[in-house]
Amino acid sequence: MTGTQNKKNKRQTGAYYEQAAGKYLEQLGYEILEYNYRCRAGEIDIIAKDNGCVVFCEVKYRSDDQKGHPLEAVDARKQKVIFRCAVHYLSERCLGDIPCRFDVIGIRGKDGMKQAEVTYIKNAFTG
């Protein structure tokens with residue numbers, strides 16, 4: 001497999017699990033506002049609304065623990081990127097006075113969402 005094909009497959013896998021995480025959040029009563037919000041600072045996987053709070057959610061998937069638990073991938077550098085994107089999103093939409101938080105969903109498993117282990121952390125980090 002070439003590097004381009006591998007990157008495309010990873011993106012497809014990521015998109016699958018981001019959509020699955022969005023459905024998970026909807027089952028919890030969240031309203032999904034946007035998937036894959038991009039700006040000059042980077043990308044946020046899911047932006048949702050939960051009881052008047054804007055939720056910026058990072059989704060990480062791992063088929064196994066070979067590269068560590070999915071939640072470990074949301075390190076300080078990644079948190080900074082998400083925070084900068086969130087500031088851009090709030091500014092762009094004039095939502096500066098609306099409460100917000102940063103959540104992380106880690107998904108681990110090999111057979112799609114049927115047997116996946118989902119770990120959801122509300123308020124996983126602050127800006």
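Keep in mind that what you see is a predicted model, and the values were worked out from it rather than measured.
Separating the CD atom in Glu18 from the NZ atom in Lys23 is a distance of 12.5 Å, to the nearest 0.5 Å. From Glu31, atom CD reaches atom CG of Asn51 across 11.5 Å, with rounding to the nearest 0.5 Å. Note that the CZ atom of Arg84 and the SG atom of Cys39 stand 10.5 Å from one another [nearest 0.5 Å]. With values rounded to the nearest 0.5 angstrom, Cys100 atom SG is found 10.5 Å from Ile47 atom CD1.
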Practice problem: Starting from the C-alpha separation in whole Å, work towards a yes-or-no answer on side chain to side chain contact (heavy atoms under 4.5 Å, CB included) for Thr126 and Arg101. | Solution: CA-CA 7 Å; Thr126 60; Arg101 71 171 191 258; over 6 Å; no
Exercise. Please step through side chain to side chain contact (heavy atoms under 4.5 Å, CB included) for the pair Ile107 and Tyr120, ending with a clear verdict.
Key: CA-CA 9 Å; Ile107 303 171; Tyr120 177 43; over 6 Å; no
Quiz item: Is there a side chain to side chain contact (heavy atoms under 4.5 Å, CB included) between Thr119 and Ile105 once you walk through the steps?
Solution: CA-CA 6 Å; Thr119 306; Ile105 296 178; over 6 Å; no
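For the pair Val104 and Cys57, the minimum side-chain heavy-atom distance is 4.5 Å or more. Side-chain atoms of Val55 and Leu25, non-hydrogen and from C-beta on, never get closer than 4.5 Å to each other.
We find that Lys60 and Asp45 are not joined by a salt bridge, their nearest charged nitrogen and carboxylate oxygen being 4.0 Å or further apart. A salt bridge does not link Glu117 with Arg62: none of the charged nitrogens is closer than 4.0 Å to a carboxylate oxygen.
Nearest heavy-atom pair across Arg11 and Asn36 is NH2-ND2, 3.1 Å. Pairing each heavy atom of Ala48 with each of Ile32, the nearest pair is CB-CD1, 4.1 Å. Between Gly42 and Cys85, the closest heavy-atom pair is C-SG, 3.2 Å.
Neither Tyr30 nor Ile98 shares a network with the other; the hydrophobic side chains, linked directly or stepwise wherever heavy atoms of I, L, V, M, F, W or Y lie under 4.5 Å apart, form separate groups for each. In the hydrophobic clustering of ILVMFWY residues, with side-chain heavy atoms under 4.5 Å counting as a link, Tyr35 and Tyr89 come out apart. Tyr61 and Leu71 are assigned to two separate hydrophobic clusters, defined by single-linkage of ILVMFWY side chains at heavy-atom distances under 4.5 Å. Linking Ile, Leu, Val, Met, Phe, Trp and Tyr residues whenever their side-chain heavy atoms come within less than 4.5 Å leaves Leu28 and Val54 in two separate clusters.
For residues 62-82, no residue pair satisfies the ring-ring contact (aromatic ring centres under 6.0 Å, His included) rule, not counting sequence neighbours.
Judged by distance alone, with hydrogens and angles left aside, the side-chain atoms of Ser91 form no donor-acceptor pair with the main-chain N or O of Val87 at under 3.5 Å.
Paired with Phe56 under the rule ring-ring contact (aromatic ring centres under 6.0 Å, His included), one option of Phe102, Phe83, Tyr37 passes, and it is Phe102.
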Acceptor/donor pairs from residues 74-82 side chains to any protein atom, 3.5 angstrom cut, sequence neighbours excluded:
| from | atom 1 | to | atom 2 | distance (Å) |
| --- | --- | --- | --- | --- |
| Asp75 | OD1 | Arg77 | N | 3.4 |
| Asp75 | OD1 | Lys78 | N | 2.9 |
| Gln79 | NE2 | Val74 | O | 3.1 |

